[in-house]
There are 2 protein chains.
Amino acid sequence: MPLAPLFRPIDVAPAYQKVADAIEREIVNGRIKPGDPIGTEHDLVRQFGVNRSTIREGIRVLEEGGLISRDSSRRLHACLPRYTKLASRLSRALVLHEVTFRELYEASMTLEVASIEGAVERATEENLAELADNLVRSEAVVGDPAMLAECDAEFHVLVAKASQNRVLQLAREPAAQLFYPTTEMIVAGVAEGGPRLVAAHRHLIEAIQRRDREAGVLWTRRHLQDWRRGFEKIASLDRSVEHMYMEHAQAVRRR
Amino acid sequence: MPLAPLFRPIDVAPAYQKVADAIEREIVNGRIKPGDPIGTEHDLVRQFGVNRSTIREGIRVLEEGGLISRDSSRRLHACLPRYTKLASRLSRALVLHEVTFRELYEASMTLEVASIEGAVERATEENLAELADNLVRSEAVVGDPAMLAECDAEFHVLVAKASQNRVLQLAREPAAQLFYPTTEMIVAGVAEGGPRLVAAHRHLIEAIQRRDREAGVLWTRRHLQDWRRGFEKIASLDRSVEHMYMEHAQAVRRR
DNA sequence: GCCTCTAACTTTGTCGGACAAAGGGACAGC
DNA sequence: GCTGTCCCTTTGTCCGACAAAGTTAGAGGC
């Protein structure tokens, strides 16, 4: 019979990690609210009793995690992590794991359908106005694949936003970020691609307006199937997401 | 008419950020493969021509992003970002954004149903063996809410894994991490909670075995509805996720 | 009294050097 | 072949320093 454990594992985390954890705890449990100042590096040196280099390493960890950031004057303050920034981490991970476009397509089918269902049910007038505005801008750039792809990405972000479900909004973002670059290629390669894309958006907006769930789901499916057909003219769905697509995600993250 | 731009915006990112970006680029575009050594801090000092403190700050950024890590001997090497670690960042963000349990529930309903559909279609013998093993362990701890909740969380991870869709796996993880702690409370509070949970798992495994999609979806719905009923005995679905739940996510991340 | 401009002061980003602790490797001894 | 020791490398931490950018306060002009 093994001995009863006499000792707990001792905490051997390096100091910079402890600093980061301590500040993270205060933010996550709400004692430091988003927007609250964290204090200067020198303040933290005094409070934690460690060297400024150590403090700075801890700050980098928190900054990368999106929990704190520096304002225009580079002062530290707690902040709400931004979805797009976090999602681009995930996109990056998906690329490194070499997920296939089939996986992306299947997951997006689920997530975008769920988004439109939520939007049909709960979209506000403001959401609709944003979508309508997006549609106008899309129509204006229907001949420019790059701009149109950008509008398309924004359109689906707006639909997800209209669902009023932030979990869904966040869940769909990583896959969406990897779709975005391909849309440009497809619209450029397929003659009727642009107009079909804009037409689908129009039908989706109408569906939301009429609170017509069936139509919303139908047109989302069609929209994604269009993407799929276009993609399969270029490559196999079983191809894994290429590294080049990451350049987009990186650009998005830095915004 | 404005002058043609003579100059590009100059890059004013701090040095540690440039170091991190440079290494990130090499990893993401595949020139450094997961597992490859990065070299010692001193090597990087020589290569980048900056001070070691600067290098270390850059390393912290990459470490937090999950792109590099240190092995047992603390040497740096590139690695595949781990889903659970990234997902816990998202869970944290969701908590800070004060998402409601209703949002979690709705999104999970979508994501878990999609997972089971994928699992029914594509689960391997190995996936089924893992699920069966999980079921045995769940039955053994049916009287212990904390252990059972842990088994439940693992069960759904295994279902998502069986779907062979890593995008889905990743997308469901953040919401799932926030569910996990509540399951324990619910199982503890509702008399028949434990046995019902295990029974649902058994039905789900059978559905996967029989490739019976209808049954899989049905029992996933019931399983989640059970959670919902249990939760509503404790609190309103419109309550936002409390900060206390983050302690779990933090524990998960550190594993 | 209010505004502007300048001169301190503060804060950040970076640098150089330093040292203890932990790990890895080579080498001798059994 | 295994073990223990010594040495070297690497990491984590510390100290002190400085230029650049931002902030604050006070002088001076209206």
Side-chain angles (χ1 to χ4, degrees), chain A residues 7-27 32 35-79 85 253-254, chain B residues 7 9-27 32 34-79 85 253-254:
Chain A
F7 305 109
R8 301 272 105 226
I10 49 178
D11 184 10
V12 290
Y16 71 85
Q17 189 67 55
K18 288 186 183 174
V19 167
D21 286 349
I23 297 175
E24 169 178 342
R25 243 193 318 280
E26 295 305 293
I27 294 175
I32 300 177
D36 286 357
I38 303 292
T40 68
E41 294 178 3
H42 189 57
D43 289 338
L44 296 174
V45 167
R46 276 196 300 264
Q47 291 182 54
F48 286 102
V50 297
N51 192 269
R52 190 158 76 98
S53 305
T54 305
I55 293 288
R56 283 174 66 81
E57 288 187 38
I59 287 173
R60 292 299 156 245
V61 172
L62 295 171
E63 260 183 343
E64 178 68 6
L67 278 181
I68 69 179
S69 69
R70 316 193 91 115
D71 57 25
S72 62
S73 73
R74 286 192 282 194
R75 260 195 271 270
L76 292 168
H77 55 84
C79 64
K85 187 182 165 198
R253 174 146 38 92
R254 270 196 264 280
Chain B
F7 305 109
I10 48 176
D11 187 5
V12 289
Y16 69 86
Q17 188 68 54
K18 288 186 184 175
V19 167
D21 285 350
I23 298 175
E24 169 178 342
R25 242 192 321 280
E26 294 305 293
I27 294 175
I32 299 177
D36 286 357
I38 303 291
T40 68
E41 294 178 3
H42 190 55
D43 290 337
L44 297 174
V45 166
R46 275 196 301 263
Q47 292 182 55
F48 286 103
V50 298
N51 192 271
R52 190 157 76 98
S53 305
T54 305
I55 293 289
R56 284 175 63 80
E57 288 186 38
I59 286 173
R60 293 298 156 246
V61 171
L62 295 172
E63 260 183 346
E64 179 68 5
L67 278 181
I68 68 179
S69 68
R70 314 193 94 114
D71 57 25
S72 62
S73 72
R74 287 189 284 194
R75 261 193 270 271
L76 291 169
H77 56 86
C79 64
K85 187 182 166 196
R253 175 151 32 95
R254 269 196 265 279

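Please read all numbers here as calculations on a predicted model, not as lab measurements.
- For the OP1/OP2 pair of dG13(C) and a distance below 4.0 Å, the side-chain nitrogens and oxygens of R60(A) include at least one atom meeting the criterion.
- Looking at which nucleotide of DNA chain D each of H42(B) and S53(B) is closest to, the 5′-most match is held by H42(B).
- Listed pair N51(A) / dC15(D) meets the phosphate criterion, a side-chain N or O lying under 4.0 Å from OP1 or OP2.
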Exercise for the section: Determine, stepwise, if the pair D43(B) / R46(B) fulfils salt bridge (charged side-chain N to carboxylate O under 4.0 Å, His left out). Expected result: CA-CA 5 Å; D43(B) 290 337; R46(B) 275 196 301 263; 2.6 Å; yes
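- In this structure, D71(A) atom CG and dT11(C) atom P are separated by 13 Å, rounded to whole Å.
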Tabulate atom names and distances for all N/O pairs under 3.5 angstrom spanning the protein and nucleotides 18-22 of chain C.
from: dA18(C); atom 1: N6; to: R52(B); atom 2: NH2; distance (Å): 3.3

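- The shortest distance between the side-chain N/O atoms of T54(B) and the OP1/OP2 oxygens of dC15(C) is below 4.0 Å.
- Atom-to-atom, CD of Q17(B) to P of dT12(C) comes out at 17 Å; the value is rounded to the nearest Å.
- Phosphate proximity of dG12(D) to R56(B): present, with a side-chain N or O under 4.0 Å from OP1 or OP2.
- The distance from atom CD1 of I55(A) to atom P of dG12(D) is 16 Å, rounded to the nearest whole Å.
- Dashed line: the shortest gap from a side-chain N or O of R75(B) to OP1 or OP2 of dT10(D) is not under 4.0 Å.
- In this structure, the side chain to side chain contact (heavy atoms under 4.5 Å, CB included) partners of R70(A), at least two apart in sequence or on a different chain, are E41(A), I59(A), R60(A), E63(A), R74(A), L76(A).
- Bending across the helix from dG1(C)-dC30(D) to dC30(C)-dG1(D), expressed as the angle between its end axes from five pairs apiece, amounts to 10° (10° rounding).
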